[in-house]
Every structure is written in structure tokens, then in C-alpha cells.
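Okay, structure first, notes after.
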Amino acid sequence: MKETQIIAFANHKGGVGKTTTTASVGSILAAKGYKVLLIDLDAQANLSASLLKNQEIDKTIYDALINTSVGLPIYPIRENLDLTPATLQLAMVDLEMASVIAREKILSELLDKVKANYDFILMDCPPSLALLTLNAVTAANGVIIPIVAEVLPFNGLIMIENFINMIHKKLNPEAHVTGILITRWEKTNLSKQIEEGMREKLGDEVFQTKIRKNVSIAEAPLEAQDIVSYAPKSNGAQDYLAFVNELLEKLHINK
Ligand SMILES: Nc1ncnc2c1ncn2[C@@H]1O[C@H](COP(=O)(O)OP(=O)(O)OP(=O)(O)O)[C@@H](O)[C@H]1O
Ligand SMILES: [Mg+2]
């Protein structure tokens with residue numbers, strides 16, 4: 001692959017599947033032979049917890065953001081899959097970087113030094129549109145927005161789309177919405193209605209594939225496994241495999 005795809009998984013709404021999708025997509029791409037770096041940008045550190053077994057972690061994304069001469073700490077997870085982890089310490093970063101000049105570009109500069117080693121860099125954002133998500137979208141060439149079709153999500157979508165547009169105009173002309181992914185989908189009349197409404201209003205922006213609600217998806221990280229190794233026949237594995245194929249097609253990647 002020529003150019004590294006740098007993708008942020010972002011939505012200020014919590015619990016919509018950002019972390020699950022980052023981990024699942026990363027694992028599937030790595031199994032397909034792509035070189036993947038996952039970056040945990042959430043102080044909850046769910047992504048790190050779901051991937052790390054008993055590895056000793058010495059430095060995290062926090063250290064790299066606070067002191068850029070440290071460089072991005074990278075830990076191997078499995079073949080083709082690396083992680084830059086987070087810990088709760090990351091919760092301090094907004095305060096500590098409040099007066100740093102050009103603080104929204106720090107992650108982008110850190111990625112510039114390592115991106116040649118990867119086909120994909122996937123960033124798991126926290127549930128906010130504060131400094132870490134700002135850094136992620138400023139570094140990204142695409143943003144995937146996971147949403148749950150429970151209540152009409154349009155107001156929230158307008159907010160994050162405005163945020164991405166603002167970054168596109170002022171900081172990073174490559175930043176744009178790659179697509180909206182419906183997650184934790186349940187076969188209820190309400191879900192169906194909301195999905196229909198979204199497809200009508202947003203068209204191609206919504207990925208065709210949706211991720212059904214599936215208990216294996218919630219269980220896999222507790223075993224530090226990805227969904228496809230944990231339960232290859234589950235709806236969750238099938239949906240994420242289909243989603244990765246759709247994503248590769250949308251990005252015009254066929255290796
Ligand atoms: N398709 C699914 N089916 C069942 N459970 C799911 C599914 N997707 C995610 N979950 C579960 O829902 C919860 C929230 O998912 P996840 O942590 O990925 O969301 P998030 O957007 O990263 O949340 P946060 O905003 O708190 O970081 C987790 O417990 C996860 O295991
Ligand atoms: Mg998360």
C-alpha cells in the first residue's frame with residue numbers, strides 16, 4: 001500500500017462501539033496481512049485493557065504527548081498488530097497541555113515519524129470532542145463515526161460533523177467522514193425505523209454493513225481476544241468481517 005490510512009473512530013456519545021470497532025477492525029486487518037498500529041486515546045484505557053495480557057507497560061501515549069522527544073511508545077500485540085496504550089493518567093492531558101502552542105497537532109507530528117511502518121493507524125477516541133479527539137481528527141485522513149440506532153441520532157451527528165468540518169477547514173484538509181457505522185443493532189421496529197431514516201437522509205455516508213448486537217462482542221475483550229478468534233461463527237465476527245471488506249472497498253484498497 002502506498003499511503004498510510006490514518007482513521008479516527010470518534011463520537012462524543014459514550015458506549016456506541018468506538019473501542020470495540022477499533023479493536024475488531026484492527027485485528028481483522030492485521031490477520032489479512034496489513035501492518036496496523038492501534039492508538040488508545042481514552043483515559044478509560046478500555047482498548048489497552050482488551051489487548052494487553054501481562055505485558056509490562058513502561059510508557060504510554062500520555063508520555064509522548066507531554067514530552068514529544070520521547071516518541072510514540074509502541075508495543076507488539078500479535079503479528080502485524082501494534083498498540084500505543086493509555087492509562088488513567090491520560091485524564092490529566094487536557095489540563096497539562098492547556099498552554100502548549102499548537103497542541104492540536106502534537107499527535108499528527110508523532111505519527112509522521114512512524115507512519116511509514118504501517119498500512120493502517122487506527123485511533124480510539126474518548127467520548128468527547130476535547131483535545132484528544134481534536135488531535136486524532138487533525139492527524140487523520142478519515143473519521144468513522146459509530147452510532148447506536150436507539151434514539152434519533154441526528155443532533156449528535158450534526159455536532160460531530162461540524163467539528164470535523166471545522167478541522168478540515170482550519171487544520172487538516174484531509175479530515176473528512178469516511179462513514180457512519182450502525183452498531184449494537186437490534187431487530188426492533190424502532191431500530192429499523194431509525195436505520196431507514198438515516199439511510200434516507202444520509203445516503204452513502206452510512207455503511208451498508210451494520211453490526212448487530214451480539215454477546216460474543218462483549219465477551220471477547222474480557223479474554224483479551226478479538227471477536228474473530230474468540231467466536232468465528234458469531235454474528236459479531238461475521239458483521240465485522242463484512243464491515244472491513246466494505247471499508248477496504250470504500251477506500252479503494254485491494255491487496
Ligand atoms: N455489537 C455489540 N453487541 C453487544 N455488545 C456490544 C456491541 N458493541 C459494543 N458492545 C458493548 O457495549 C459496550 C460499549 O462499547 P464500546 O466500549 O466499544 O463503546 P465506546 O463508544 O468505546 O464507549 P466509550 O464512549 O465509553 O469509550 C461495551 O461493553 C461493549 O462490549
Ligand atoms: Mg471506548
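Order of listing sets the numbers, starting from 1, for every ligand and every atom in it.
- Distance check for Thr19 against the Mg ion (ligand 2): an N/O/S atom falls below 2.8 Å.
- A donor-acceptor contact closer than 3.5 angstrom links the side chains of Arg78 and Ser27.
- Residue Ala218 has at least one heavy-atom neighbour below 4.0 Å for each of these atoms of ligand 1: 31 (O).
- The closest side-chain donor-acceptor pair between Glu219 and Tyr230 falls under 3.5 angstrom.
- Side chains of Tyr62 and Glu96: a donor-acceptor N/O pair is present below 3.5 angstrom, by distance only.
- Given atom 14 (C) of ligand 1, the protein heavy atom at minimum distance is Gly15 CA, 3.8 Å.
- In this structure, the protein non-hydrogen atom closest to atom 20 (P) of ligand 1 is Lys18 N, 3.5 Å.
- Close approach of ligand 1 to Arg212 is summarised as follows: ligand atoms under 4.0 Å from at least one heavy atom of the residue are 1 (N), 2 (C), 3 (N).
- Under a 4.0 Å criterion applied to the non-hydrogen atoms of Ile211, ligand 1 contributes the atoms 1 (N).
- A donor-acceptor pair shorter than 3.5 Å can be found between the side chains of Thr209 and Glu246.
- Taking every non-hydrogen atom of Pro127 and a distance limit under 4.0 Å, the qualifying atoms of ligand 1 come out as 25 (O).
- When the options Val215, Thr183, Asp124, Thr20 are ranked by their closest heavy atom to atom 18 (O) of ligand 1, first place goes to Thr20.
- Ser229 and Asp226 share a donor-acceptor pair across their side chains, judged by distance under 3.5 Å alone.
- Figure legend: Lys35 and Phe120 shown without cation-pi pairing, the cationic atom not lying both under 6.0 angstrom from the six-membered ring centre and within 45 degrees of its axis.
- The minimum heavy-atom distance between Tyr240 and Ile211, with the atom names listed, is CE1-CG2, 3.6 Å.
- Atoms of ligand 1 lying under 4.0 Å from at least one heavy atom of Gly14, given by number and element, are 25 (O).
- Among protein heavy atoms, atom 19 (O) of ligand 1 sits closest to Gly17 N, 3.0 Å.
- Residue, atom and distance of the protein heavy atom nearest to atom 17 (O) of ligand 1 are Thr19 CB, 4.0 Å.
- Contact annotation for Asp42 and ligand 1: only side-chain heavy atoms (C-beta onward) come within less than 4.0 Å of the ligand.
- Asp239 has a carboxylate O that lies under 4.0 Å from a charged side-chain N of Arg212, or vice versa, which qualifies the two as a salt bridge.
- With Val25 as the fixed residue, the side-chain contact (heavy atoms from CB on, under 4.5 Å) test singles out one of Thr22, Ile28, Thr21: Thr21.
- Under the 4.0 angstrom criterion, atom 11 (C) of ligand 1 counts as lacking any protein heavy-atom contact.
- Taking hydrophobic clusters as Ile, Leu, Val, Met, Phe, Trp and Tyr residues chained together by side-chain heavy-atom distances below 4.5 Å, Val16 does not share a cluster with Leu41.
- Taking every heavy atom of Val16 and a limit of under 4.0 angstrom, the matching atoms of ligand 1 come to 19 (O), 20 (P), 21 (O).
- Near Gln44, with a cut-off below 4.0 Å to any heavy atom, the atoms of ligand 1 are 24 (P), 26 (O), 27 (O).
- Arg184 NH1, 4.1 Å is the protein heavy atom nearest to atom 13 (C) of ligand 1.
- The option from Ile227, Asp239, Val148, Asn214 that lies nearest to atom 3 (N) of ligand 1, judged by heavy atoms, is Asn214.
- Within 4.0 Å of atom 29 (O) of ligand 1, not a single protein heavy atom is present.
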